[in-house]
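These numbers come from a predicted model, not from an experiment. We count residues from 1, following the sequence as given.
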Amino acid sequence: MKEIKLLDIEGIKIGHAQNLKAATGCSVIICEEGAAAGVDVRGGAPGTRETDLLDPVNLVDKIHALVLAGGSAFGLDAASGVMNYLEERNIGFDVSVTKVPIVCSAVLFDLLIGDYKIRPNKDMGYEACINSENLKEDICGNVGAGTGATVGKFLGTKYAMKGGIGSYCVQVGELKVGAIIAVNCLGDVIDPSNGNIIAGALKEDMKTFADTEKIMISKYDNKKNLFSGNTTIGAVITNGKFTKSQCKKLASMAHNGYGRTMRPAHSMYDGDTIFTLATGNVEADINVVGLLSATVVEKAIIRAIISASSLQGYKCYNDIIKNLEAHELAAFTKN
């Protein structure tokens, strides 16, 4: 198994557009030839578009694009720009008078960072498509849907940290499996290799982690309103050959990557959602692709956090790690 670029998967294009001042953006995955798709929504506060089409009992068997966006429900408008872009290029489901692009979407809540009056819209969705034409490298951090993402909000946004978008992809023989995830969770992000928190709610010193799960457990009887802007959204993309129902199962298996890295995951205040897109070129065992899906989701989440930079006063991974390193160095020097 070797690491490759997500863009090395044949038949897909990826584009991002963002407004750094407003701290929001959108990302698009385009499959011009169509891809089988499934979705699994685990969080209690989702914002999605056209997910009913992915039910295996329904007619349409392929989608042409997936949009991940900030802006909460307002951000679903970005999909309209993606539809325009695809229709102009005669891409979509043929209905005789035109072709209707099948575009699914999921949004995260980022209205509390930046300017809430500016959010992903039709123009930004179209811009992301244009940008996909020239994107040759995977880019992560404060781009696209990850622009306004934050993590660790149980103690309020004052003590939260910067999230972002990340991708990771592997190849085994001819099989390719990758993920792109916009990380914007209520809880902390954990490095599963050692169990350490790498981003999340900070203590009042703004230098060390508070440990969200521990605090939540200690306040079990406090029915606090935690709606402070959450939801992690993303997609697994593979060149494997799978049906819609199999893609749904793969999306379900991929959620293990959320469980390994975000604590807690799938709360009632997160709309955690994963799509699976399968371009259908390589025969593969669903169990193998399922376990790889969880792995690439896990790695994409870690990369999103490590690649993020501070924005609008929110500290990022590198800010905290530098502080921790300086503290450890001072303690070593003192001893």
Backbone N/O of [Y] and side chain of [X]: donor-acceptor pair under 3.5 Å:
X    : Y    : result
K162 : A149 : yes
N184 : N230 : yes
D138 : L6   : yes
E127 : Q18  : no
R263 : E213 : no
Y116 : D110 : no

Could you check whether atom CD of E174 has more than 12 heavy atoms from other residues, nucleotides or ligands sitting under 6.0 Å from it? no
Taking atom CD as the centre, does E133 end up with more than 12 heavy-atom neighbours from other residues, nucleotides or ligands that are less than 6.0 angstrom away?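 Yes, CD of E133 has more than 12 neighbouring heavy atoms, counting only those of other groups under 6.0 Å.
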Side chains of [X] and [Y], heavy atoms from C-beta outward: is any pair under 4.5 Å?
X    : Y    : result
L202 : T208 : no
I30  : I14  : no
V183 : V189 : yes

Can you tell me how far the [atom1] atom of [X] sits from the [atom2] atom of [Y], to the nearest 0.5 Å?
X    : Y    : atom1 : atom2 : value
C316 : I306 : SG    : CD1   : 11.0 Å
L66  : I237 : CG    : CD1   : 7.5 Å
S245 : L54  : OG    : CG    : 12.0 Å
T279 : N239 : OG1   : CG    : 5.0 Å
T24  : K117 : OG1   : NZ    : 15.5 Å
L108 : I233 : CG    : CD1   : 4.5 Å

Would you mind checking if [Y] and [X] are paired as a salt bridge, meaning a charged N to carboxylate O distance below 4.0 Å?
X   : Y    : answer
K5  : E137 : yes
E33 : K62  : no
K99 : E32  : no

Evaluate the side-chain contact (heavy atoms from CB on, under 4.5 Å) criterion for residues M161 and F209: first the C-alpha distance (whole Å), next the side-chain angles of each, then the deciding distance (0.1 Å), finally the verdict. CA-CA 10 Å; M161 283 180 61; F209 297 116; 3.5 Å; yes
Identify the two heavy atoms, one from Y126 and one from E88, that lie closest to each other, and give their separation to 0.1 Å.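 Taking every non-hydrogen atom into account, OH-OE1, 2.6 Å.
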Please list all pairs meeting salt bridge (Lys or Arg N to Asp or Glu O under 4.0 Å) that have one or both residues in residues 242-261, counting only residues at least two apart or in different chains. R260-E298
Determine, for F74 and R119, whether the Lys NZ or Arg CZ falls below 6.0 Å from the six-membered ring centre while staying within 45 degrees of the axis.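 Judged by the rule, R119 and F74 form a cation-pi pair.
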Show, in sequence, the C-alpha distance, side-chain angles and deciding distance for D123 and N121, and conclude whether the side-chain hydrogen bond (donor to acceptor under 3.5 Å, both in side chains) test is met. CA-CA 5 Å; D123 292 339; N121 58 13; 4.7 Å; no
